[in-house]
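Everything below concerns the one structure shown next.
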Amino acid sequence: MTDPRTDELRDRLQRVHQRIETACAATGRLDRPELIVVTKYFPAADVQRLYQLGVRQVGENKDQEAAAKAVHTAISTAGLNWHFIGQLQSNKAKSVARYASAVHSVDRSKLITALSKAADQALQEGQRTAPLDCLIQVDLREPGVDDGRGGAVPAKVEELAAQIAQATGLQLKGLMAVAPLGEPAEPAFDRLQQLASSLRGVHPEAHWISAGMSQDLEAAVASGATHLRIGRDVLGSRPYPG
Ligand SMILES: *Cc1c(COP(=O)(O)O)cnc(C)c1O
């Protein structure tokens with residue numbers, strides 16, 4: 001049984017893996033970052049195709065869309081991990097805690113409180129079996145205009161990390177960032193790497209660095225990203241911006 005879309009996804013996935021190999025070789029990295037395929041705006045059928053191609057990490061940025069896809073694919077995609085990477089309102093914490101293995105976009109105290117409560121409840125009710133992995137999203141912009149991409153200012157990271165580390169139901173994993181618009185990605189990702197390194201000094205378990213999208217994958221690999229979030233280059237261009 002051949003399906004043209006599966007063939008297309010296989011080719012694109014291979015090319016992205018090749019790019020990661022090349023980027024690692026260029027910086028002499030021996031470890032390999034984890035590829036999270038960002039499936040936002042694409043149908044659950046694509047998630048299933050990716051699963052058949054061996055993908056076990058997918059990313060989504062809207063709760064309603066992610067929750068529906070997670071339910072739709074639950075039976076056919078055992079062991080698939082959903083990474084929530086978008087701006088998250090506290091009142092969506094309960095929903096996200098039911099299907100997400102990780103939230104990359106934790107950026108304020110109130111959200112941590114809500115996620116902890118939601119994860120505890122999901123654990124008690126058997127909707128999840130492991131704590132919810134949390135990454136603090138850092139705003140890497142030089143102070144200035146808000147581009148709506150969210151994130152905590154670097155000075156807040158330590159305080160938020162301490163709160164996550166003490167919260168029940170949550171596991172502190174590390175830092176996440178989006179390269180600021182209109183700035184070269186690599187110096188920004190270098191700042192993220194430095195922040196991650198000081199965080200690890202206090203919380204050795206928090207060793208994830210989630211950085212790098214289709215357009216700045218190489219810069220992220222060079223700056224030590226452990227998790228890459230790649231959408232377009234695997235799935236194609238999205239029908240809407242976002
Ligand atoms: C959409 C999105 C990505 C993926 O971006 P692409 O350009 O499609 O690779 C990564 N991170 C976040 C936070 C996103 O919203």
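Counting starts at 1 for both ligands and their atoms, following the listed order. Positions are given from 1, in the same order as the sequence printed here.
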Minimum distance, heavy atoms only, to atom 11 (N) of ligand 1: which one of Arg229, Arg232, Lys62 is it?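 When every heavy atom of Arg229, Arg232, Lys62 is considered, Arg229 comes closest to atom 11 (N) of ligand 1.
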
Can you check whether Val55 reaches Val47 side chain to side chain, under 4.5 Å on heavy atoms?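 Val55 vs Val47: side chains apart.
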
> Using a heavy-atom cut-off of under 4.0 Å, does the side chain or the backbone of Lys40 touch ligand 1, or both, or neither?
Replying inline: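 The answer is the side chain.
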
Query raised in the report: Heavy atom under 4.0 Å from ligand 1: found in Arg238's side chain, backbone, both, or neither?
Result: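 The side chain, only.
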
Handout entry: Ile230 near ligand 1 by a heavy-atom separation under 4.0 Å
Key =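 Distance cut 4.0 Å: Ile230 passes for ligand 1.
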
Quick one: side-chain hydrogen bond (donor to acceptor under 3.5 Å, both in side chains) pairs with a partner in residues 163-182, sequence neighbours left out?
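For residues 163-182, and leaving out neighbouring residues, the side-chain hydrogen bond (donor to acceptor under 3.5 Å, both in side chains) pairs sorted by first residue read Ser109-Gln163, Thr113-Gln163, Asp120-Thr168.
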
Open item on the list: Checking Ser223 against Gln193: is there a side-chain donor and acceptor pair closer than 3.5 Å?
Closed with: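 Side-chain D/A pair, Gln193 to Ser223: absent.
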
By number and element, which atoms of ligand 1 are closer than 4.0 Å to a non-hydrogen atom of Ser214?
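This gives 6 (P), 7 (O), 9 (O) as the contact atoms.
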
What's the spacing between Ser105 OG and Asp107 CG if we round to 0.5 Å?
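Rounded to the nearest 0.5 Å, the OG-CG separation comes to 7.0 Å.
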
Below the 3.5 angstrom mark, is there an N/O of Val178, backbone or side chain, next to an N/O of ligand 1?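 Such a contact does not occur with ligand 1.
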
Report yes or no: is the cationic atom of Arg56 (NZ for Lys, CZ for Arg) closer than 6.0 Å to the six-membered ring centre of Tyr51, at no more than 45° off its axis?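 Yes, Arg56 and Tyr51 form such a contact.
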
